[in-house]
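Every chain is numbered from 1 and lettered A, B, ... according to where its sequence line falls, protein lines coming before strand lines.
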Amino acid sequence: MEPLLQGHTYAIFFHDLRPLKVRTRTLQLARKGERIMKILAVDDDPIILELLSQFVAASGDHKLVTAESGAEALEVIAQVGLRPFDCFLFDIQMPQMDGVMLTRAVRGLARHAQTPIVMLTAMSDKRYADAAFAAGATDYLTKPFEMGEFSSRLQVVDQMVSARRPRTNKIFSTCTSGRDGSAPPIVPEYPQLHEPIAIHDVENTIEYLAMENYVAQLSRSALFGSTTFAFSIRQIEKFYARMSSFEFYSLISDVAEVISDTLRAHQFLMSHAGNGTFVCVTEGGWCPEAVQLMDKANLALSRAELFDNAGLRLQPRVSIGEAIRLIRQTGPSLMGAIAQAHTSAEAASTAHEAERNNLWTEEHSA
Amino acid sequence: MTAFAHDALPGFAALRTKFMTILEGAQADIASHAMDAWNAETAAGKTTSLAAARAILHKIAGSAGSFGLKDVGAAASACEAMIDTHLDAPASDRQPCPSDILIAIDDFVSRCEPYLDAA
């Protein structure tokens, strides 16, 4: 056999796993110390799958499995006893089951609720890309591909997988299913207060990293009508200090659902960014009237019956920060705008609590 | 032709040759579907032919650029967008195949020619 890369020894295993017709190509390049990611690429264009095979082989010591349809992909994923995939690459436009439907189906599987999903999109797929992020995609890669960009995206995914591995090794869950009957939520055992929590079963709620990637791909015309703002749960430290991991996850998830319902009439995506703060991005020109929206969310929260594991009623309230229009923002300043929305919501939360305490003190001293 | 870092990958030349073979067939099929759409006597016939052309154009739009045929990919993408616009229009089923689409597809076919000749 002719060496794939000069100076490396390798072996290629090429099987046809009938009846699935899945081609598994394992490239074991002699690069000691690198972790092997198991990747599933799904595209109805065989030439794209072959191109991806070449790119993956040249990008590291990874294992690529390919499928030509969403249905075939789900069969491969469902194969029991095999190591779960570390990363998915899904084409968006495919016949029958498109990449958005496939993403939704994969997010419903407990072991892949947080696996990075990179959508493969053409420039014309913007409307599909938005739907893919809403369904739980983590990132996107625009066709036609170029090796350099592909490798750098794969490295980011690799880092995500590495960062998650220590936590996901000690995952627990005390409920049997998600709110929509899907897979149970995956709750990190010791989530840090400042860490974003991924919520996959609430409408239009995506992972924080996916939110950053989503904002980065907004076109100039989309930015024209986009606004970011954030909600922050008041006294989140107190909730965090007295709750178990699962209770805290449930609180974050329940508040996310209330906020999502409150924003239902608008085109939006939101994400938990850590510290009980939810960053929202709206498109379509709508800019919220902050006080009205905060009151609406708090009214909905007061009507929601939230309890901890001991049966005590929880009464979380949120504050809303500054609404920042994204027009004329690019690159780092876009992320700066998101951070500003986040910070201002936390500042508003602190101010509301201080105001409430002052009011209480004044009433008692009067 | 744009040069990419991946051009030097082992096996890429063979894959590019394969793509050129696919492109040759795709180009002929797209032209054939376009003519069928133009000559269609029913709205359903036109829609079916345009949708078939669009499906192939979408694949070429997504892959041609990676093989150095950026202009072919862009032309395919433009045709795809025109077909989408036409088929999504409310009155599409009462209109014949627009000549603009045929002209754009003709441009796509012409752009493929020099690459196919050189292959």
Side-chain angles (χ1 to χ4, degrees), chain A residues 1-8 10 12 14 25 27 29 41-60 68 89-96 98-99 119-129 140-152 154, chain B residues 1-27 29 48 51-52 54-88 104 108 115 119:
Chain A
M1 256 189 299
E2 193 180 302
L4 259 179
L5 293 176
Q6 211 169 7
H8 295 290
Y10 67 96
I12 296 178
F14 194 83
R25 183 175 293 189
L27 295 159
L29 303 178
V42 188
D43 199 303
D44 63 325
D45 189 349
I47 202 88
I48 291 287
L49 293 177
E50 288 195 52
L51 193 63
L52 288 172
S53 295
Q54 294 231 347
F55 284 8
V56 169
S59 297
E68 289 184 17
L89 306 173
F90 292 162
D91 181 30
I92 290 198
Q93 287 194 51
M94 293 187 287
Q96 280 91 47
D98 65 23
M119 305 306 295
L120 310 175
T121 75
M123 289 304 282
S124 57
D125 285 345
K126 169 72 174 75
R127 58 184 167 166
Y128 297 99
Y140 74 105
L141 188 61
T142 307
K143 291 178 185 176
F145 309 126
E146 197 275 310
M147 179 68 202
E149 194 190 357
F150 179 84
S151 294
S152 62
L154 212 56
Chain B
M1 194 178 106
T2 315
F4 290 121
H6 60 247
D7 290 354
L9 287 178
F12 184 77
L15 193 56
R16 189 175 189 279
T17 303
K18 192 172 177 179
F19 173 75
M20 296 310 288
T21 307
I22 291 169
L23 181 65
E24 190 170 17
Q27 178 212 34
D29 288 346
T48 304
R54 187 221 180 266
I56 307 171
L57 285 161
H58 179 71
K59 288 185 177 178
I60 301 297
S63 54
S66 298
F67 295 99
L69 286 65
K70 205 174 173 184
D71 59 333
V72 169
S77 188
C79 293
E80 187 190 349
M82 288 174 81
I83 293 172
D84 280 348
T85 304
H86 173 66
L87 293 181
D88 289 346
F108 162 76
Y115 294 105

| request: Measure the CD1-CG distance between B/Ile60 and A/Asp45 for me, rounded to the nearest 0.5 Å. | output: 7.5 Å

| Within the side chain of A/Gln93, is there an N or O that forms a donor-acceptor pair under 3.5 Å with the backbone of B/His58? | no

| request: Could I get the full list of side chain to side chain donor-acceptor pair (under 3.5 Å) partners for B/Glu24, not counting sequence neighbours? | output: none

| query | Just by distance, do the side chain of B/Lys59 and the backbone of A/Asp44 share a donor-acceptor pair under 3.5 Å? | reply | yes

| field | Minimum-distance pair of heavy atoms, taken over all atoms of B/Ala61 and A/Pro144 | value | O-CD, 4.3 Å

| note | Heavy atoms of B/Phe67 and A/Leu51 approach each other most closely as CZ-CD1, 4.0 Å

| With only heavy atoms counted, which part of B/Ile22 is less than 4.5 Å from chain A, the side chain, the backbone, both or neither? | side chain

| note | All heavy atoms of B/Gly62 vs all of A/Ile48, minimum pair found to be O-CD1, 3.8 Å

| For the side chain of B/Ser66 and the backbone of A/Phe145, is there at least one donor-acceptor N/O pair under 3.5 Å apart? | yes

| Top contributor to chain A interface from B/Ser63, B/Gly73, B/Ala64 [non-hydrogen pairs under 4.5 Å] | B/Ser63

